[in-house]
2 protein chains.
Amino acid sequence: MADPTTAGPGDGHREGSPAPGSPHSPRVATLDEVALRAGVSRSVASRAMNNARNVSAPKREAVARAASELGYVPNATARALATNTVGSVVLAVSHDDPALFGDPFFSQVLVGVAAALDRSELDLTLMLTSSERGRARLERLLRSRRSDGVMLMALRKDDPLNRVAAATDLPVVLGGRPLDAEARWYVDVDNRGGARLAAEHLLRSGRRRLATIAGPDDLHASVARLQGFADALAVERLPADWVEHADFTYEGGARAMTRLLAAHPDLDGVFAASDNMASGALRALKAAGRRVPEDVAVVGYDDLEIARHTEPALTTVSQPIRGLGQEMATMLVRLIDGDTPTPIILPTRLVVRGSAPGPT
Amino acid sequence: MADPTTAGPGDGHREGSPAPGSPHSPRVATLDEVALRAGVSRSVASRAMNNARNVSAPKREAVARAASELGYVPNATARALATNTVGSVVLAVSHDDPALFGDPFFSQVLVGVAAALDRSELDLTLMLTSSERGRARLERLLRSRRSDGVMLMALRKDDPLNRVAAATDLPVVLGGRPLDAEARWYVDVDNRGGARLAAEHLLRSGRRRLATIAGPDDLHASVARLQGFADALAVERLPADWVEHADFTYEGGARAMTRLLAAHPDLDGVFAASDNMASGALRALKAAGRRVPEDVAVVGYDDLEIARHTEPALTTVSQPIRGLGQEMATMLVRLIDGDTPTPIILPTRLVVRGSAPGPT
DNA sequence: GGGCAAAGTGGGACCGCTCCCACATATTTC
DNA sequence: GAAATATGTGGGAGCGGTCCCACTTTGCCC
């Protein structure tokens, strides 16, 4: 970004017509040129392009032809300035910890978001805000009206993005509920229900000494999954206090599993709040000489690809990650259009594989 | 995106001052208001904000104060229109096959790109172009001057994005070389050299009956890795014709391995052109009763996290994926600034683990 | 202390679009 | 057939910045 001061003379000014010797670009046509060629006024041309009323058929057609002959594409910036809507939305992700971003989870959300946005005419601006600096940038981005709305992923407690979200007047959609703040519009997965499914499955297959590897406790999803686990045990009047926290990573899961084994050598079932952690747990169990599922049954969460490739394959809770992204984007589009959608909780389902087979 | 025609009366027009009852937004200040408050002309205010020359210290300060009091943030759209530079770049990914996008590879590139862009003032617009429709969108996006430049990932042969890239006059940086077209600016990894490292390692540890699981043959990276593999064998005057192609996925790798075993039961070493495929190969080998590395040594490519968690852990070729993204963004920024950078080939290195230990 | 360059200032055109409004022309309606 | 309405049309004022340019003020030099 060159200092604007140093701009040369005549900078930014155009020659009257497609100058053959211009540095690059065949000079993209403007609406005025289209209008001129079609023999109508700019107003009519504008209306014709936006197929609005009050344009006679012949003129409409003339404009269409002129536009296609000139290869006219409206200047998005000019339109944005005139209409005060930009045509793009932001997806911001706190990227301080690699856990959230490293795994395929995020890619899937992205695919969902992109798919939903594809149906509208909105572009996706991605912001990975690590550090204070990134947060400030996001704040500026929003305040400089470069965006029509924001999606925020998985806010941790005290996440600075919370502040940013509160400070903007743009529509904000959250992916996952924030732990502390009250969110007006969000899309979440039924974490509690999913975890409950997992624990119930373990109980149904006869396991009674259940432990869990929970996620970081400043994340709503972690808390909810732990809660769901406890829900299921409560029904059977079993205590749900064999808990170790980890950071959703493989290594973290392995370490947590080791701690659990040390504290509760007689455990016979484990629910890990992510597939990565479950995979790590599998390794730790193997290292400790436990057989899965004979000695210890393991259930994961996410149903990532890795779950199909562990040994044994992971029984896990499948959640519609792409759907999450899709719903977020759809909700944001609605908000931008002036609707007032309601929060959405997406369902989960259990996928049974070798690490925790069903009863019998 | 409401039809502009149906816009209500008075739409888009502002009240003179912060109307208390306005629907939302405390009405963001404009440069005129800052100038007024600072008691200077708009020109001076503009110059002061862009800290250009020709502003006296006191006025400069007055403007700064007024701006901060008003919470002024320049309207990016207006600035873009006036300067004819938008302040954002596009990263486009052909997303027809999940292979490219599904694995963590892409997330890492993204992180690198974002990190490099963070240093400039450019935003990142992400486009996952699947289908014809997506390609058309990208084309429009570029022609509508909503972006200052483009990064394109890993173009396949005949990828429609090639056409898009050729049609635009914006700076284009490629991640990975295109197979067919001649690229002017790209960042690539030394695929050939990396593959050669892998094969040399296998040879050095005494393997002589080497096979390879190559990627799709319409991707430069695949061809180059296959070439590198052949390079190493050529030195030893060994034929490099035990080749099976797969699609970079786990399942594909497993199937390819099975085919290789059927065709060449006596093979003692395999180079797979991705860690995912190598993992699949590991499974297939295990299923066939071969021990790794005793009977068959396996080397992967990528050094993704999965490589550390297979059994045995994968010897693999590590490439700077984040660096790739970083260099791409940096190169694009240079181009936008008017420099003419040269293509970059990033180095690779071998990471030795259990699946193919070194000699002795 | 008059002359000249440099620094500082504000007016206003412009970027390319949208949209209001006044006016011209076609279509009803009584 | 005149009046009332509907439909079409183009002029022109924004949107909120940047930047050129003419002009005033200062600083410097001999």
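Chain letters run A, B, ... following the sequence lines, proteins first and then strands; every chain starts at 1. All values reported here derive from a predicted model rather than from experimental measurement.
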Phosphate OP1/OP2 of D:dG16 contacted by B:Asn75 side-chain N/O (<4.0 Å): no

Nearest-Å distance, CG (B:Asp32) to P (D:dC15)? 9 Å

Side-chain touch B:Leu335/B:Trp185, heavy atoms, less than 4.5 angstrom: yes

Respond yes when some side-chain nitrogen or oxygen of B:Asn50 is under 4.0 Å from OP1 or OP2 of D:dT18, and no when none is. yes

Let me know, please, whether A:Ser56 or B:Leu31 comes out on the 5' side of the other along DNA chain D by nearest nucleotide. A:Ser56

Rounded to 10°, the helix from C:dG1-D:dC30 to C:dC30-D:dG1 deviates from straight, judged by its five-pair end axes, by 30°

Of the nucleotides D:dT9, C:dG8, C:dT18, which has the atom closest to the A:Val55 side chain? D:dT9

Between atom CZ in B:Arg146 and atom P in C:dG16, what is the gap in whole Å? 16 Å

Given 3.5 Å as the limit, does a donor-acceptor pair link the side chain of B:Arg60 with the main chain of B:Ala52, or not? yes

Looking at C:dT9, C:dG16, C:dT18, which one has an atom nearest to any side-chain atom of A:Thr83? C:dT18

Listed partners of B:Arg47 passing salt bridge (charged side-chain N to carboxylate O under 4.0 Å, His left out), at least two apart: none

Rounded to whole angstrom units, what separation is found between the CG atom of B:Asn84 and the C1' atom of D:dT18? 12 Å

Below the 4.0 Å mark, does C:dT9 have OP1 or OP2 next to a side-chain nitrogen or oxygen of B:Lys59? yes

Can you find a heavy atom in the side chain of B:Leu117 that is under 4.5 Å from one in the side chain of B:Val89? yes

Electrostatic pair B:Asp169:B:Arg143 at N-O distance under 4.0 angstrom: no

Testing D:dG17, C:dC17, C:dG10 for proximity to the side chain of B:Val44, the answer is C:dG10

Salt-bridged, A:Arg42 to A:Glu33, with N to O below 4.0 Å? no

With the side chain defined as heavy atoms from C-beta on, B:Arg42 is closest, among D:dG17, C:dG10, C:dG16, to D:dG17

Phosphate contact (C:dG16 OP1 or OP2) by A:Thr30 side-chain N/O below 4.0 Å: no

Heavy atoms from C-beta onward define the side chain here; which of C:dC17, C:dT9, C:dG12 lies closest to that of B:Ser43? C:dG12

Which residue lies toward the 5' end of DNA chain D, B:Arg47 or B:Leu81, if each is placed at its nearest nucleotide? B:Leu81

Closest to the A:Ala78 side chain, choosing from C:dA7, C:dT18, C:dG16: C:dG16

Whole-Å gap separating C1' (C:dC17) and CZ (B:Arg145): 15 Å

Rounded to the nearest Å, what distance is computed from the CD atom of residue B:Glu33 to the P atom of nucleotide D:dG17? 9 Å

So, does B:Asn75 use its side chain to make a donor-acceptor pair with the main chain of B:Thr77 at under 3.5 Å? yes

